[in-house]
Amino acid sequence: MSLYPIFADLSGRRVLVVGAGSVGARKIEALLAAGARVVVGAPRLGEHVAARVRDGSVTHLDGEFSPDWIDGAWLVIAATRDTRVNRAVAEAAEARGVFANVVDDAALCSFQVPAVIDRGPLVVAVSTGGTAPVLARLVRERLEALLDGSVATLATLASRWRERIRARLPNLGARRRFLEEVFTGDVAALARAARPDDAEQALAAALARADDRPRGRVTLVGAGPGDAGLLTLAGLRALHEADVILHDSLVSDDVLALARRDADRIAVGKRGGGGHTPQEHIHALLLEHARAGRRVVRLKGGDPFVFGRGGEELEFLRDHDIDYAVIPGITAALACAAHAGIPLTHRDHAQSVRFVTAHCRESLDTLDWNALAQERQTLAVYMGVATLDVLRDRLLAHGRDAATPFALIENGTRHDQRVVTGTLATLVESAQAHSVRSPALLVLGEVAALADRLHWFGTPPLQAPPVLPRALRAA
Ligand code: SAH
């Protein structure tokens, strides 16, 4: 069942409650609190309802239910113990086009009453469409705990200052930023400390200081390797506050789904080479949005400063006097190693680890192969899928043992993660045999062998095929 949630204004509107026992009494109290003009229909009144009728807050219709009781009512609630009567009420309401709720009988309801967290004027309503009221209640309890009493103070303040805030900050973005600051900063702290007057003064002072043309800023955020759980809390906050998000293709949909809903999302860069948005174009976009006063998040796979061109972007922003901040992310080497069960360093096997990029032959030429071929160290090679043959040849040529273990981790941390293991001798053949594609990270070194024993995530490592490359067979 799919329900359309509404918050109804019942003040001064006639609402019929059929049944005057304890359940009816509870419903009546809630309706009176919302300002409804309550009419109760029943042959007998419970004690509580009788008192309400006596003090004039509720009108009593005496006798058995009659469909004409519904005339003029906006809503009807059936709260009798008699299923036959409840059904008659629901049917009569349906025939007259009036919404009816039958307590504890979802099938007869044309509207449901949600579980409510009331921090007036903030009201949160929770519904499971009548299918799991216990779950709704548990969710309500959690939200109750989350929304302490200070939320009501803040909501009241915001509503009292609404017009003044509007007048002072006509710019929507500026206003939103100001209110976010109010709800999370000093004003909120004073409200939590049960000092509502001080909170109001702090709000007034902040409003006097507020800037209607806020400075834009760019935050470089590391999105991590894919699994949204690996995003940092600071990164999450930046995504919640963003007006614009420029994201790489490596950033997973799960991470993007956490961003503020009405943030503009701009995809820059395509996966696996070819069709990249030129870096100058990304710079121009950063500048344009930041100068328009927006909070720009530049969201990058892994960490922005590990093979992410984050440094170039900061230099550009600095040259153009744009404020910036950087929030690190979990880089592919750390995430892939963890999710493949490979400790990058190990007292017995590796005393150091190097992050290397191998995305083209020129970049390979600049590397110090003597150093890379040393034993007892781990290489984490980024962007290396297309150049595995060069990598193997040079490492062997500089003395790395052909029996050195490797692990290739494709789509690390994602649901489709694959790990291929083997030795340097068969690296290229293994990658081909298992059609390893980008994004994949190569871990090379003694520790890589541990993946076969310590793996825990996804499917077990695929073993390399037992064929030796021709060069080695000839030797
Ligand atoms: N800034 C990123 C790296 C960008 S370079 C970071 O810190 O992780 C892109 C390379 O990162 C890919 O070619 C691949 O080698 C590696 N990579 C990124 N995400 C990956 C993932 N989920 N699984 C495997 N490798 C990944």
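Starting from 1, each residue takes its place in the sequence as its number. The model shown is predicted, which means the values in this text are computed figures rather than measured ones. Both backbone and side-chain heavy atoms feed into the values below; hydrogens, waters and symmetry mates do not.
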Spacing of [atom1] belonging to [X] relative to [atom2] belonging to [Y], to within rounding of 0.5 Å:
X    : Y    : atom1 : atom2 : result
L154 : R192 : CG    : CZ    : 8.0 Å
L135 : T128 : CG    : OG1   : 6.5 Å
L143 : R140 : CG    : CZ    : 10.0 Å
L285 : D264 : CG    : CG    : 11.5 Å
I322 : L314 : CD1   : CG    : 12.5 Å
T421 : I409 : OG1   : CD1   : 10.0 Å

Could you tell me whether a side-chain N or O of [X] sits under 3.5 Å from a main-chain N or O of [Y], the two making a donor and an acceptor?
X    : Y    : answer
Q417 : T413 : yes
D248 : L250 : no
R414 : P225 : yes
Q377 : A371 : yes
R418 : H434 : yes
R175 : P170 : yes
S110 : A100 : yes

**Prompt:** Among R318, K300, H283, which one satisfies side-chain hydrogen bond (donor to acceptor under 3.5 Å, both in side chains) with E313?
**Reply:** K300

Is there side-chain contact between [X] and [Y], with at least one heavy-atom pair below 4.5 Å?
X    : Y    : result
L334 : F355 : yes
L391 : L444 : no
L442 : F406 : yes
L256 : L299 : yes
V221 : P304 : no
I165 : L207 : yes
T219 : R295 : no
R453 : L450 : yes

For [X], I'd like to know if atom [atom1] has over 12 heavy atoms of other residues, nucleotides or ligands within 6.0 Å.
X    : atom1 : result
H359 : NE2   : no
D186 : CG    : no
D389 : CG    : yes
H281 : NE2   : no
R176 : CZ    : yes
R164 : CZ    : yes

So does [X] pair up with [Y], basic N to acidic O under 4.0 Å?
X    : Y    : answer
E144 : R119 : yes
R137 : E141 : yes
E446 : R400 : yes

**Asked** side-chain contact (heavy atoms from CB on, under 4.5 Å) between N171 and L169: does it pass, once the steps are laid out?
**Response** CA-CA 5 Å; N171 176 305; L169 302 172; 5.9 Å; no

**Message:** If you apply the rule side-chain contact (heavy atoms from CB on, under 4.5 Å), what do you find for L287 with F316, and how did you get there?
**Reply:** CA-CA 9 Å; L287 194 60; F316 174 84; 4.0 Å; yes

**Message:** Walk me through whether D262 and R260 qualify under salt bridge (Lys or Arg N to Asp or Glu O under 4.0 Å).
**Reply:** CA-CA 6 Å; D262 46 354; R260 194 162 72 85; 2.7 Å; yes

**Request:** Hey, can you tell me if F99 and F111 have their rings parallel, tilted or perpendicular (30° and 60° cut-offs)?
**Result:** perpendicular

**Member of D393, V381, V428 meeting the side-chain contact (heavy atoms from CB on, under 4.5 Å) criterion with L388** = V428

**Message:** Set out, in order, the CA-CA distance, both residues' side-chain angles and the distance that settles side chain to side chain donor-acceptor pair (under 3.5 Å) for S252 and D254, then state yes or no.
**Reply:** CA-CA 5 Å; S252 72; D254 290 351; 5.0 Å; no

